[in-house]
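Chain letters run A, B, ... following the sequence lines, proteins first and then strands; every chain starts at 1.
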2 protein chains.
Amino acid sequence: MSNVQASIKQADQHCREHGVRLTDKRKQVLLSLLQSEKAMSAYELVDYYKAEFGESMPPMSVYRILDFLQEEHLVHKLNSTNKYVSCSHITCDHDHEITQFLICGECQSVKEININKSTIEALQNNIEEAGFHLVSPQLEMNCLCENCI
Amino acid sequence: MSNVQASIKQADQHCREHGVRLTDKRKQVLLSLLQSEKAMSAYELVDYYKAEFGESMPPMSVYRILDFLQEEHLVHKLNSTNKYVSCSHITCDHDHEITQFLICGECQSVKEININKSTIEALQNNIEEAGFHLVSPQLEMNCLCENCI
DNA sequence: GAATGATATGATACAACATATCATTTTAAA
DNA sequence: TTTAAAATGATATGTTGTATCATATCATTC
Ligand SMILES: [Zn+2]
Ligand SMILES: [Zn+2]
Ligand SMILES: [Zn+2]
Ligand SMILES: [Zn+2]
């Protein structure tokens with residue numbers, strides 16, 4: 001079974017366990033993000049969906065489905081680019097922690113990573129010194145990937 | 001002289017030295033950001049400008065002026081929120097390094113800080129291990145400020 | 001000071017991103 | 001099979017940002 005198919009299967013399983021449904025439309029949107037292997041905007045997904053599945057899905061539905069997929073931690077939204085990317089931990093067992101995103105400014109590929117706890121703590125200390133309190137360590141960092149360096 | 005007036009004066013001086021002009025409109029947009037003491041969207045600035053100066057400025061002009069002010073490092077754009085904030089180092093002599101932004105999710109106040117070089121390096125190491133290269137360490141972090149904790 | 005070119009701003013249209021609201025369809029449960 | 005909840009569709013509108021061409025302002029040269 002391909003990685004994509006394994007992810008879909010696991011996502012389906014995850015949804016069942018959480019008492020929610022991975023409907024066909026939701027599955028297809030998730031599949032689109034998994035296949036494309038990059039971050040896409042809601043409207044890019046509308047186009048991709050049309051090209052891939054032959055029928056069109058209204059933007060409103062795409063947004064709703066993306067909201068659902070985010071709530072289930074199957075998809076993440078990149079706030080800095082207004083794009084959505086499939087979670088790279090769908091097939092993992094562990095609970096989903098808050099992760100960080102490395103975004104290639106050249107080819108738009110995205111890598112979801114966990115930064116060292118000690119580094120996050122150092123960051124947190126810096127922030128506390130400034131009189132603020134870090135709420136969410138979801139960092140989105142402007143990078144270049146291996147291919148684009 | 002108030003902090004705001006000192007910043008305007010210094011910004012004007014900076015522009016002269018760089019062979020560009022801090023025109024009245026540009027000065028007024030910068031003044032708006034300095035006075036408001038928080039991050040504002042371009043359209044919020046259109047409204048603020050209208051309320052403050054009695055005449056309206058087209059959004060297109062606001063965007064162009066914000067671009068100009070960014071190039072001169074007098075204003076920063078927060079990519080995660082699509083808002084703009086005046087630089088807190090306008091009255092400093094030193095060159096402007098890339099800074100980090102602590103954004104209060106409650107009251108929208110923003111603090112511009114320099115995170116420890118060692119922490120940034122630790123971050124960079126994490127990123128290199130993931131096969132990416134950090135291009136810009138402008139981090140925008142979701143926080144709570146002292147008043148909102 | 002008038003002619004000229006460069007810079008700055010205005011006006012209009014439109015593209016891209018996102019939400020509000022009500023209607024219809026599908027699903028699950030009684 | 002009726003009913004309620006959940007999911008999706010359709011339509012309108014709000015928000016953010018850019019493209020493009022016109023006009024105004026400023027600086028330089030003659
Ligand atoms: Zn994830
Ligand atoms: Zn790349
Ligand atoms: Zn600054
Ligand atoms: Zn606050």
Practice problem: Specify the separation, in whole Å, of atom CE of Met40(A) and atom C1' of dC17(C). | Solution: 16 Å

Practice problem: Give the rounded distance in Å between these two atoms: CE of Met60(B) and C1' of dT9(C). | Solution: 10 Å

Quiz item: Is there a donor-acceptor contact under 3.5 Å from the side chain of Lys111(B) to the main chain of Phe132(A)?
Solution: no

Practice problem: Mind calculating the distance between CG (Asp47(A)) and C1' (dA15(C)) to the nearest angstrom? | Solution: 13 Å

Exercise. Treat each ILVMFWY residue as a node, draw an edge where side-chain heavy atoms are under 4.5 Å apart, and state whether Leu102(B) and Val75(B) are in one component.
Key: no

Quiz prompt | Stacked pair Tyr43(A)-dC17(C), distance under 5.5 Å, angle under 30° | solution = yes

Self-check item: Base of dG9(D) paired with side chain of Arg64(A) (donor-acceptor, under 3.5 Å)
Solution: yes

Quiz item: Taking 4.0 angstrom as the limit, do Lys25(A) and Glu55(A) come out as a salt bridge?
Solution: yes

Quiz item: Once you round it to whole Å, what is the distance between P of dA8(C) and CD of Gln28(B)?
Solution: 16 Å

Quiz prompt | OP1 or OP2 of dG10(C) under 4.0 Å from side-chain N/O of Lys25(B) | solution = yes

Exercise. Establish, with yes or no, whether the OP1 or OP2 oxygen of dG10(C) is under 4.0 angstrom from a side-chain nitrogen or oxygen of Ser61(B).
Key: yes

Quiz item: Looking at dT16(D), dT8(D), dT7(C), which one has an atom nearest to any side-chain atom of Ile65(A)?
Solution: dT8(D)

Self-check item: OP1 or OP2 of dA7(D) under 4.0 Å from side-chain N/O of Lys27(A)
Solution: no

Exercise. Whole angstrom is fine here: how far is it from OH in Tyr63(B) over to P in dT20(D)?
Key: 18 Å

Quiz item: Taking atom P of dT19(C) as reference, at what distance in whole Å does atom CG of Leu66(A) sit?
Solution: 11 Å

Quiz item: Closer than 4.0 Å, any side-chain N/O of Thr23(B) to the OP1 or OP2 of dT25(D)?
Solution: no

Exercise. Measure the shortest side-chain to side-chain distance between Pro137(B) and Gln100(B) over non-hydrogen atoms and say whether it is less than 4.5 angstrom.
Key: yes

Self-check item: Pairwise 5' ranking along DNA chain D for Glu55(A) and Pro59(B), keeping only the more 5' one
Solution: Glu55(A)

Exercise. Tell me what Lys83(A) touches on the nucleic acid: a base, only sugar-phosphate, or nothing, going by heavy atoms under 4.0 Å.
Key: nothing

Exercise. Assess the pair His18(A) and His73(A): is the distance between their ring centroids shorter than 6.0 Å?
Key: no

Exercise. Rounded off to whole Å, could you give me the OH-to-C1' distance for the Tyr84(B) and dT15(D) pair?
Key: 13 Å

Quiz prompt | Presence of Arg26(B) side-chain N/O under 4.0 Å of dA8(C) phosphate oxygens OP1/OP2 | solution = yes

Practice problem: Using whole Å, report how far CG of Asp24(B) lies from C1' of dA24(D). | Solution: 14 Å

Quiz prompt | Contact under 4.0 Å: Asn82(A) side-chain N or O vs dA16(C) OP1/OP2 | solution = no

